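The sequence lines fix the lettering, A, B, ..., with proteins before strands; numbering per chain opens at 1. Because the structure is a prediction, the values reported are computed rather than measured. FYI, side chains are in, hydrogens and waters are out, and symmetry mates aren't considered; it's all heavy atoms of this structure.
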2 protein chains.
Amino acid sequence: MSSSASTPQVLRRTNLKAVLDVMRHGGACTGTDLIDRTGLTRATVIAVCDDLVRRGWVRELGAERNEGVQKGRPARRFEFNGEAGCVLGLDLGVATVTAHVADLKGTVLGRAAQRIPGRAMEATPDERLETITGTVDRVLEDAGLPTTAVLAVGIGVATVVDRHGNIAGGHQLSSMFDLGLQTEVWRDRAWPVLLENDANLAALAERWRGIGQGTQDLAVMLAGERLGTGLIESGRLLHGSNGGAGDVGSLQLVEGVGSQDGIARLARHWGTQALAEGRPTLIRELVGPGTTRVSARFVFEAAARQDPVALQILDKIARRIARVIAVLGTFLDPELVVLAGAVADSAAALLPTINRELPSLTERPPRVEVSRLGDGIVATGALRLALDYVEENMPSLTPGGQPAAVG
Amino acid sequence: MSSSASTPQVLRRTNLKAVLDVMRHGGACTGTDLIDRTGLTRATVIAVCDDLVRRGWVRELGAERNEGVQKGRPARRFEFNGEAGCVLGLDLGVATVTAHVADLKGTVLGRAAQRIPGRAMEATPDERLETITGTVDRVLEDAGLPTTAVLAVGIGVATVVDRHGNIAGGHQLSSMFDLGLQTEVWRDRAWPVLLENDANLAALAERWRGIGQGTQDLAVMLAGERLGTGLIESGRLLHGSNGGAGDVGSLQLVEGVGSQDGIARLARHWGTQALAEGRPTLIRELVGPGTTRVSARFVFEAAARQDPVALQILDKIARRIARVIAVLGTFLDPELVVLAGAVADSAAALLPTINRELPSLTERPPRVEVSRLGDGIVATGALRLALDYVEENMPSLTPGGQPAAVG
DNA sequence: GAACATAAATTTAGACACTAAATAAAAGGA
DNA sequence: TCCTTTTATTTAGTGTCTAAATTTATGTTC
């Protein structure tokens, strides 16, 4: 299954990748470094490096002194060329478009966010596309990058996406994001476009730059307005047969958990309810007089000041989340569960209750943490998705920017 | 990550595997067949075939006529040599040891089962090992196979096993199966021993020879005495960080589901209860007078004859199972859920209720079916596990039986 | 500063695996 | 018997790697 026929050229390609992998992780490398880490001969290593330099993926550094005592002929030093191109990471929300751009080392070179004008829910596909392309163009321009430098685009959407990057129809919001981004829209730019569910990208982000570093099995709950879960098992994203894995929105089962409610929405809902019932609470003061619209922030703030009503709301939310985590832990046995999303900062207040509840709900409860990646978590994951694609296909691709003559 | 350094020899190894893969699936092959399916040149294909024949993995067939009109020089015909070795598949239950042996094409050559003598729960490791080795020796002897013919042993155990094949400590029954099978026990036989959770093997079996053929994402509930679930996503088994994935035994959460109760145990429990309460039911007649020990079989039989009490018990069981399936479907989005285990035949009676309940518990409920693989499901999966190992490592291994001189 | 030690690069010869093209072989049919 | 067809085999050439010898560029020592 795994294997397909090979030619000597495939062999070289494999070794190009092996050397690139080492360079990406290890910074500047001498030939000897690469010999140690790849097991190849010096002759081969040097040939591969020269090949990579010729193709534009690697730079040879000048004759700066290596650190320490130096005897013998100075080593040539090679470095992965992070500027050989860039990747875009987009987060398409219901009302907002966020775009990050990074070089091939993953260094973020620019960020931009833009609201969909007017009433977002009613925006036409074309209006949506205009905002998206506008945001992308702006972030590229600000970073001084031509469109030809873009080697891949990762895009997170708030709906179900299968493992081939196709938006699964028949889901909530699925039509909102089914905009032909992979095919028609940027055909002239010839960008490889990779779609993925936003919670899945949050999981990639957490494993790349968040608490999940070094973890092979983790779940990330993107619990802002909606409630979505990104699942990584053995270092790979889970999708299920139609991409619905982790889409716990439809979980009607666990008593008290269900519908599509994320933390923010629940806080708002119960906060509003408390006000409507006229219960005495700090939330009222924070919201201000004359309005009944409670934002989640106020509830968390009131709780931070020990307001009993707000604390009770958080307790209720935490118990609800704990139940989902318990089910998740039982079915998937992740090492770590991360709470992320718009309210991640405040979610820390939920942890004590969650950790108190878990042992009664499941044996061996997973470790639970709160994300520290903030708002850009999905866009960050989108960058990672794009980088994964580029790294996987690197030898075959043509570096962006200059058209790079390859023999 | 994925790539490691390569030499020309690795290339040949890849092509050996590619050719073997085609042969395993396609039966007897001519050179032209292989050219079409691998993309290699005729010269290479023939060289690879000769190589495989020399190593013993492939047989060249005599000059039998090919079907149809034959012009031109007759093609040499090659066939995967299923008799180049065999694999063992073991199912270690609490009280029973089952062993299957199959050739490398997966054709079962022998079966044996043996009870652990005395009170199984109290058997010492040595007693257990004696039964295991005894069963293995018998099945090999009956099939007329020497121990040197065994290329791998797959073993299913009723406890948690991580993805490296290590039994995770601290679980129910974990010490019962931690017998040093991989290392000490058969050291003299030098067999590669692969441990895996029994429900996971049931999943492999369903995908190999059961209802799950061609399915990439499925869950198999092994629901006899205990309740365990084997999960396959994108064609791969899920283990989770410690192997606990699918070990729903500890799911205390879903109201009414939990503990370790499988279908048989529940049927027995509620059947006994009904008798104790003195309710009028066919079960009593089936069990016979003077005893209160109800076996699951009687409950299913009574239900088949429309006994109201038995039907009510099945209804209760089905609702319970439906809830687990709903959670499973929501979190993992499998294409198919298979009910398997000792009572699989009878479990068909549960399907109508399960399918009626599911839509109210989750959107897009998965397809649910009952296994037709019967008792040997775990041993069958164990064979598959062993075959996977052998197929993956085939070119490097030495065929069993004769010591096969390789140049 | 010349001779030496050292580490790395480069060159050379050889092995292995593949392709492509020419040649040979083994059938059936005219 | 000769021709056609299909396949196998041989031959020459290419790409990639290793291993070993050689060269290069540096620092150290006397």
Side-chain angles (χ1 to χ4, degrees), chain A residues 3-20 28-55 58 60-78 395-396 406-407, chain B residues 3-20 28-55 58 60-78 395-396 406-407:
Chain A
S3 56
S4 187
S6 282
T7 62
Q9 288 82 345
V10 172
L11 212 142
R12 168 51 69 95
R13 194 177 177 286
T14 308
N15 286 337
L16 289 170
K17 254 184 78 180
V19 167
L20 271 173
C29 288
T30 66
T32 309
D33 292 340
L34 293 167
I35 292 167
D36 292 345
R37 300 211 208 163
T38 63
L40 296 167
T41 317
R42 166 159 262 118
T44 305
V45 159
I46 297 289
V48 166
C49 284
D50 285 339
D51 207 347
L52 287 170
V53 169
R54 205 162 39 77
R55 290 170 193 242
V58 162
E60 182 165 1
L61 299 178
E64 295 113 35
R65 272 304 132 270
N66 296 3
E67 71 284 350
V69 186
Q70 160 121 20
K71 287 182 178 180
R73 177 172 176 170
R76 291 171 69 183
R77 307 186 83 221
F78 300 94
S396 320
V406 174
Chain B
S3 55
S4 185
S6 283
T7 63
Q9 288 81 342
V10 173
L11 212 133
R12 167 53 67 97
R13 194 176 178 288
T14 308
N15 286 337
L16 289 170
K17 254 184 80 177
V19 166
L20 272 174
C29 288
T30 66
T32 310
D33 290 341
L34 293 167
I35 291 166
D36 293 345
R37 300 210 209 162
T38 63
L40 296 167
T41 318
R42 166 159 262 118
T44 306
V45 160
I46 297 289
V48 165
C49 285
D50 285 339
D51 208 346
L52 287 170
V53 170
R54 204 164 38 78
R55 290 171 193 241
V58 163
E60 182 164 1
L61 298 178
E64 295 112 36
R65 270 308 129 270
N66 296 5
E67 71 286 349
V69 188
Q70 160 120 18
K71 286 183 177 180
R73 175 171 179 171
R76 290 172 69 182
R77 307 186 81 221
F78 300 94
S396 320
V406 174

Exercise. Please determine if a side-chain N or O atom of Arg76(A) lies less than 4.0 Å away from the OP1 or OP2 oxygen of dT10(C).
Key: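 Result: yes.
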
Practice problem: For the pair Arg54(A) and Asp50(A), find out whether any cationic side-chain nitrogen is under 4.0 Å from an anionic carboxylate oxygen. | Solution: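 No, Arg54(A) and Asp50(A) are not salt-bridged.
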
Let me know the distance between [atom1] of [X] and [atom2] of [N], rounded to the nearest Å.
X: Arg73(B); N: dT7(D); atom1: CZ; atom2: P; result: 11 Å
X: Ile46(B); N: dC18(C); atom1: CD1; atom2: C1'; result: 15 Å
X: Asp33(A); N: dA8(C); atom1: CG; atom2: C1'; result: 12 Å
X: Glu60(B); N: dT9(D); atom1: CD; atom2: C1'; result: 14 Å
X: Lys71(A); N: dG27(D); atom1: NZ; atom2: C1'; result: 8 Å
X: Leu52(B); N: dA17(C); atom1: CG; atom2: P; result: 13 Å
X: Asp50(B); N: dT10(D); atom1: CG; atom2: C1'; result: 14 Å
X: Arg77(B); N: dT6(D); atom1: CZ; atom2: C1'; result: 15 Å

Please write out the pairs of protein N or O atoms and N or O atoms of nucleotides 16-18 of chain D separated by less than 3.5 Å, giving the distance to one decimal.
unit_1	atom_1	unit_2	atom_2	d
dC17(D)	OP1	Asn15(A)	ND2	2.3
dC17(D)	OP2	Arg12(A)	NE	3.0
dC17(D)	OP2	Arg12(A)	NH2	2.7
dT18(D)	OP1	Thr41(A)	OG1	3.4
dT18(D)	OP2	Thr41(A)	N	3.1
dT18(D)	OP2	Thr41(A)	OG1	2.4
dT18(D)	OP2	Thr44(A)	OG1	2.5
dT18(D)	O5'	Thr41(A)	OG1	2.8

Practice problem: Mind running side-chain contact (heavy atoms from CB on, under 4.5 Å) on Leu11(B) and Val10(A) for me, showing each step along the way? | Solution: CA-CA 8 Å; Leu11(B) 212 133; Val10(A) 172; 5.6 Å; no

Validation: residues 31-49 of chain B side-chain donor-acceptor distances under 3.5 Å, sequence neighbours left out:
unit_1	atom_1	unit_2	atom_2	d
Thr32(B)	OG1	Arg42(B)	NH2	2.6
Asp33(B)	OD2	Thr30(B)	N	3.1
Asp33(B)	OD2	Thr30(B)	OG1	3.4
Thr38(B)	OG1	Leu34(B)	O	2.6
Thr38(B)	OG1	Leu40(B)	N	3.2

Quiz prompt | Taking every non-hydrogen atom, the tightest pair across Arg13(A) and Ser396(A) | solution = NH2-OG, 2.8 Å

Quiz item: Can you name the closest pair of heavy atoms from Ser6(B) and Thr14(A) and give their distance?
Solution: OG-CG2, 3.5 Å

Quiz prompt | End-to-end axis angle, where each axis spans five pairs of the helix from dG1(C)-dC30(D) to dA30(C)-dT1(D), to 10° | solution =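 Axis-to-axis angle, ends of the helix: 30°.
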
Quiz item: Between Val58(B) and Leu20(B), is a side-chain contact (heavy atoms from CB on, under 4.5 Å) present by the stated rule, with each step listed?
Solution: CA-CA 8 Å; Val58(B) 163; Leu20(B) 272 174; 4.0 Å; yes

